[in-house]
Amino acid sequence: MKIDLNADIGEGFGRWRIADDDTLMPLISSANIACGYHAGDHLIMDRMVRAAKAHNVAIGAHPGLPDLMGFGRRDMAVSAEEMEAMLAYQIGALKGIATRHGVRVEHVSYHAAFGTMANSDQDLADRLARVIAGLDSSLVMLCMAGHPIEKAAQKAGLRVRHLFLADRAYRADGTLVPRGQPGAVIHAPELMRERIGYFLKQGGVITQDGTALPIKTRSILLHSDTPGSDILAQNIASQITEAGGQILRPD
């Protein structure tokens, strides 16, 4: 059983850090590096790329809206043209730093409101996917199954890797319980262990209303800003090993 343990990384700014990236990086196999809009900056990105290279972690771009104050979780009134340019700018910035260190950007994972906006508008999702394909057709799109982002990536000829969001509650239709609602973010270690155990054995998750929802993937995502993400990552890694699995970077 080969598992890709994926995490959002580098989501600080200047002297401020939102998570213990130094603890997280050795535990994971792929990283979504913030590209300077919702979080991150040139020095943090550089440090994250160097750390990922040292630990053989696959590097991905984590583009978001230009909203440091709101951490990229608030919708913004921006045009499709602006979002296309934002996306190209952020991926390009990470690609430049990665090239400097002799590694490559392998995937893209939208952050928060950026992804929510794309999933709310198939035409926008299509336009953004075409931007990614135009920059580098080998990039893999990380996303949840059955949503516009996945469909757009497939139309653009991009490979897709589905994610199981370990620290977010699901609804029966496969969407996430909106942040701000009770139980939307999972950070209790005992509940997380139960969820990961079910995922590893059953290939799915129990939704908020008690429905068994299949999730066909071997990639687990953990948000670094979830309270105690470093401890949660350590627990998830141990649980995977205990179940006879290996944490390996995706092909």
Side-chain angles (χ1 to χ4, degrees), residues 1-9 11 18-32 52 55-58 60 62 107 109-112 115 140-147 149-150 160-251:
M1 183 172 57
K2 299 177 181 178
I3 300 294
D4 167 39
L5 184 52
N6 173 263
D8 302 334
I9 287 287
E11 291 185 312
I18 198 168
D20 188 349
D21 293 321
D22 293 336
T23 296
L24 285 171
M25 191 68 82
L27 297 169
I28 63 177
S29 49
S30 63
N32 314 319
H55 293 287
N56 192 33
V57 171
H62 196 40
H107 66 268
S109 177
Y110 298 152
H111 173 75
V140 178
M141 188 78 240
L142 271 56
C143 59
M144 293 170 62
H147 296 277
I149 291 174
E150 178 189 28
V160 172
R161 186 159 77 248
H162 296 150
L163 293 171
F164 166 52
L165 279 60
D167 50 7
R168 293 296 311 279
Y170 283 75
R171 297 189 289 201
D173 63 358
T175 61
L176 300 176
V177 175
R179 286 181 181 270
Q181 292 190 11
V185 179
I186 311 297
H187 53 83
E190 62 278 6
L191 182 55
M192 181 68 76
R193 183 171 183 83
E194 185 178 312
R195 285 166 60 86
I196 295 298
Y198 186 88
F199 172 78
L200 294 176
K201 293 178 182 178
Q202 305 296 332
V205 66
I206 301 299
T207 66
Q208 196 176 57
D209 69 352
T211 302
L213 177 70
I215 300 180
K216 296 181 179 180
T217 184
R218 284 299 178 186
S219 286
I220 300 173
L221 166 64
L222 178 67
H223 293 90
S224 66
D225 69 303
T226 294
S229 60
D230 53 341
I231 301 301
L232 293 176
Q234 291 171 340
N235 291 345
I236 292 171
S238 295
Q239 197 169 353
I240 291 170
T241 302
E242 291 168 4
Q246 291 179 288
I247 298 174
L248 294 173
R249 61 183 290 161
D251 297 329

Rounded distance (nearest 0.5 Å) linking atom [atom1] of [X] with atom [atom2] of [Y]:
X    : Y    : atom1 : atom2 : value
S109 : M141 : OG    : CE    : 6.0 Å
R249 : I28  : CZ    : CD1   : 11.0 Å
M144 : T175 : CE    : OG1   : 7.0 Å
S229 : I18  : OG    : CD1   : 9.0 Å
I196 : E242 : CD1   : CD    : 12.0 Å

Is the shortest heavy-atom distance from the side chain of [X] to the side chain of [Y] under 4.5 Å?
X    : Y    : value
M192 : Q239 : no
L232 : I186 : no
I9   : H62  : no
L221 : D8   : yes
L176 : Y170 : yes
L27  : Q234 : yes
S219 : L163 : yes
N32  : H107 : yes

Whether the side chain of R179 engages the backbone of V185 through a donor-acceptor N/O pair (distance < 3.5 Å, no angle test) should be reported. no
Side-chain (R168) to main-chain (A184) donor-acceptor, under 3.5 angstrom: yes
Locate the shortest heavy-atom distance separating [X] from [Y]; write the atom from each residue and the value.
X    : Y    : value
T207 : R171 : CG2-O, 3.5 Å
A166 : R195 : O-NE, 2.9 Å
Q246 : I240 : N-CG2, 4.1 Å
A212 : Y198 : CB-OH, 3.5 Å
H147 : G174 : NE2-O, 3.7 Å
L24  : A233 : CD2-CB, 3.5 Å

In a check of side chain to side chain contact (heavy atoms under 4.5 Å, CB included) between F199 and each of V205, I236, I220, I206, which one passes? I220
For D251, is the CG atom crowded, meaning more than 12 foreign heavy atoms sit under 6.0 Å from it? no
Check whether more than 12 heavy atoms from other residues, nucleotides or ligands sit under 6.0 Å from atom CD of E194, and answer yes or no. no
D230-T23 side chain donor-acceptor pair, cut-off 3.5 Å: no
Using side-chain contact (heavy atoms from CB on, under 4.5 Å), reason through V57 and M25 one step at a time and then give a plain yes or no. CA-CA 8 Å; V57 171; M25 191 68 82; 4.1 Å; yes
Please assess N6 against S30 for the test side-chain hydrogen bond (donor to acceptor under 3.5 Å, both in side chains), listing each intermediate value before the final yes or no. CA-CA 5 Å; N6 173 263; S30 63; 2.9 Å; yes
Run R193 and N235 through side-chain hydrogen bond (donor to acceptor under 3.5 Å, both in side chains) and show every step you take. CA-CA 8 Å; R193 183 171 183 83; N235 291 345; over 6 Å; no
E11 vs H223, test: side-chain hydrogen bond (donor to acceptor under 3.5 Å, both in side chains). Steps then yes/no. CA-CA 10 Å; E11 291 185 312; H223 293 90; over 6 Å; no
